[in-house]
Asker: 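A single structure is presented below for examination.
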Number of protein chains: 2
Amino acid sequence: MLNELFHMFFQQNRYLVNKLNEVLKPHGLYSSQWSILYLLHQNGPMSLTSIWKYLNVEAPTVTRTVNRLESLGWVERLYAMDKREKMIFLTKKGLEQFPPIEASVRSFEQEIEKKLTYEDQELLKGILKKIEG
Amino acid sequence: MLNELFHMFFQQNRYLVNKLNEVLKPHGLYSSQWSILYLLHQNGPMSLTSIWKYLNVEAPTVTRTVNRLESLGWVERLYAMDKREKMIFLTKKGLEQFPPIEASVRSFEQEIEKKLTYEDQELLKGILKKIEG
DNA sequence: CCGATTTATTTACCTAATTAAATAGTTTAC
DNA sequence: GTAAACTATTTAATTAGGTAAATAAATCGG
């Protein structure tokens, strides 16, 4: 990748995504599905637009993932006052099955964080912020 | 994503990949295609296995990207002594068109690196190494 | 009020990664 | 020397991201 830094960055990203998918597999979820479930659990019902803006991905990506989550029974869609807009919210199944999944993910995240000191984590956040800014 | 750190990491990864794809677009290439071209330019002819092992991705990913690169005329395949193995190497077109692309990518990388001090870069490398280890 | 523009979502198509399984060639064990 | 095990590559199916363009509803200017 020419530069060592970029090469490493992309590799670690794949490593983290793959590991997260492993953790989510027993729950029948993938990482991008999880990120939407988690967001809905935090924020309550959201429109597609607010989801993709928050996650910083394109709208079609979210459409597809929400479709899948809907067909799996995790979320439902409902028209909002503005009839162009659709509100997405967790179903009963979504709400009920959330806590154990959250626990698994949290435990995975802590395992990774254990490899870094608190200082490392703060430094990493600071450096990541600089990249895009 | 539960944890701020992971969320940021995934976001910056997408940002970097998208930016790199933008830089490569005028040359008719995508980032994963570039990573293989670059590797072949550095190392000379390589088997598929040595490519995916170096890039740390799965074999089918490399098969598909090499297929595309072959149909675009950037690389060629040749059977090795071991007839299971196929050697991939740059075509004349690949060799000739490489330098200006390398220059574009290098300039992009330097632009990102300008946002980080040398110390930042070394710290980031160190932290990234710790994640997987 | 109505045509033009904007906004929210979806559809279609591309690259890119994964796993699982198929194919074909090589090595190894007996 | 052949059956079994291993290795290299490919195929097929899934998730995940992107852009471009279509559709439908809302808003804005006149």
Side-chain angles (χ1 to χ4, degrees), chain A residues 1 10-25 27-37 45-72 74-75 77-88, chain B residues 1 10-25 27-37 45-72 74-75 77-88:
Chain A
M1 185 88 306
F10 296 145
Q11 298 240 352
Q12 296 303 1
N13 184 73
R14 270 206 318 282
Y15 172 79
L16 289 174
V17 171
N18 291 343
K19 278 285 179 185
L20 183 52
N21 278 327
E22 250 175 57
V23 167
L24 289 168
K25 195 170 190 178
H27 303 285
L29 283 170
Y30 285 91
S31 57
S32 70
Q33 298 169 347
W34 164 251
S35 69
I36 291 177
L37 288 187
M46 292 174 80
S47 70
L48 255 156
T49 298
S50 32
I51 295 175
W52 68 256
K53 283 196 172 151
Y54 177 80
L55 294 178
N56 199 27
V57 296
E58 298 305 315
T61 304
V62 173
T63 293
R64 196 185 314 103
T65 305
V66 166
N67 281 345
R68 191 78 186 103
L69 283 171
E70 195 179 27
S71 76
L72 292 170
W74 292 94
V75 306
R77 269 183 178 80
L78 227 107
Y79 279 99
M81 300 268 278
D82 182 334
K83 272 189 278 179
R84 292 168 305 180
E85 208 174 67
K86 284 171 189 163
M87 298 301 284
I88 321 295
Chain B
M1 188 84 304
F10 296 146
Q11 298 237 354
Q12 297 303 2
N13 183 74
R14 270 204 315 280
Y15 173 79
L16 289 174
V17 171
N18 291 343
K19 279 285 178 185
L20 183 52
N21 278 328
E22 251 175 57
V23 168
L24 289 168
K25 195 171 189 176
H27 303 285
L29 283 172
Y30 286 92
S31 56
S32 70
Q33 297 168 349
W34 164 252
S35 69
I36 291 177
L37 288 187
M46 291 174 79
S47 71
L48 255 157
T49 298
S50 33
I51 294 175
W52 68 256
K53 284 198 173 150
Y54 177 80
L55 294 177
N56 198 27
V57 296
E58 299 304 316
T61 304
V62 174
T63 292
R64 196 181 316 98
T65 304
V66 166
N67 281 345
R68 191 79 187 100
L69 284 171
E70 193 179 29
S71 76
L72 292 170
W74 292 94
V75 305
R77 269 183 178 80
L78 226 106
Y79 279 98
M81 299 269 278
D82 181 332
K83 272 190 278 180
R84 291 168 304 180
E85 207 173 68
K86 284 170 189 164
M87 298 303 283
I88 321 294

Asker: Pull out every protein N or O sitting under 3.5 Å from an N or O of nucleotides 7-10 of chain D, one pair per line with the distance.
Answerer:
residue	atom	partner	partner atom	Å
D/dT7	O4'	B/Arg84	NH1	3.3
D/dT7	O2	B/Arg84	NH1	3.2
D/dT9	OP1	B/Leu48	N	3.4
D/dT9	OP1	B/Lys86	N	2.9
D/dT9	OP1	B/Lys86	O	3.3
D/dT9	OP2	B/Thr49	N	2.5
D/dT9	OP2	B/Thr49	OG1	2.2
D/dT10	OP1	B/Arg77	NE	3.1
D/dT10	OP1	B/Arg77	NH2	3.3
D/dT10	OP1	B/Lys86	NZ	3.4
D/dT10	OP2	B/Thr63	OG1	3.0

Asker: Rounding to a whole Å, what distance do you find between B/Glu58:CD and C/dA21:C1'?
Answerer: 14 Å

Asker: Which residues pass the side-chain contact (heavy atoms from CB on, under 4.5 Å) test with A/Gln11, not counting sequence neighbours?
Answerer: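 By the side-chain contact (heavy atoms from CB on, under 4.5 Å) rule, A/Gln11 matches A/His7, A/Arg14, B/Asn56.
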
Asker: At under 4.0 Å between heavy atoms, what does A/Ser32 touch on the DNA or RNA strands: base, sugar-phosphate, or nothing?
Answerer: sugar-phosphate

Asker: With heavy atoms under 4.0 Å as the rule, sort B/Arg64 into base, sugar-phosphate or nothing.
Answerer: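 Here B/Arg64 touches the bases of the nucleic acid.
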
Asker: Work out which heavy atom in A/Ser31 is nearest to a heavy atom in A/Asn21; give both atom names and the distance.
Answerer: N-OD1, 2.8 Å

Asker: Which atom pair, heavy atoms only, marks the closest approach of A/Phe10 to B/Leu16?
Answerer: CE2-CB, 3.9 Å

Asker: Please work out if A/Arg14 contacts a base, only the sugar-phosphate, or nothing of the nucleic acid, heavy-atom cut-off 4.0 Å.
Answerer: sugar-phosphate

Asker: B/Lys25 has an atom NZ; how far is it from atom P of D/dT19, in whole Å?
Answerer: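 B/Lys25 atom NZ is separated from D/dT19 atom P by 8 Å.
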
Asker: In whole angstrom, what separates A/Leu69's CG from D/dA16's C1'?
Answerer: 13 Å

Asker: For B/Gln12 and D/dG17, give me the distance from atom CD to atom P, rounded to whole Å.
Answerer: 15 Å

Asker: With rounding to the nearest 0.5 Å, note down the distance linking OG in B/Ser35 to OH in B/Tyr54.
Answerer: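 That separation rounds to 9.5 Å.
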
Asker: Just the rounded figure in Å: distance from C1' of C/dA16 to CG of A/Asn18.
Answerer: 12 Å

Asker: Round to a whole Å and report the spacing from CG of B/Asn21 to C1' of C/dA17.
Answerer: 14 Å

Asker: Which heavy atom in B/Thr63 sits nearest to a heavy atom in B/Leu48, and how many Å separate them?
Answerer: N-CD2, 3.7 Å

Asker: So how far is it from A/Glu85 CD to A/Arg77 CZ, rounded to the nearest 0.5 Å?
Answerer: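 Result: 13.0 Å between the selected atoms.
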
Asker: How many whole angstroms separate atom OH of A/Tyr15 from atom C1' of C/dT18?
Answerer: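 Atom-to-atom, A/Tyr15 to C/dT18, this comes out as 16 Å.
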
Asker: So, do A/Thr49 and A/Val62 sit near enough that their side-chain heavy atoms are less than 4.5 Å apart?
Answerer: no

Asker: Nearest whole angstrom, please: distance from the P of C/dT10 to the CZ of A/Arg68.
Answerer: 16 Å

Asker: Ignoring backbone atoms, establish whether A/Ser31 has a side-chain N or O less than 4.0 Å from OP1 or OP2 of D/dT15.
Answerer: no

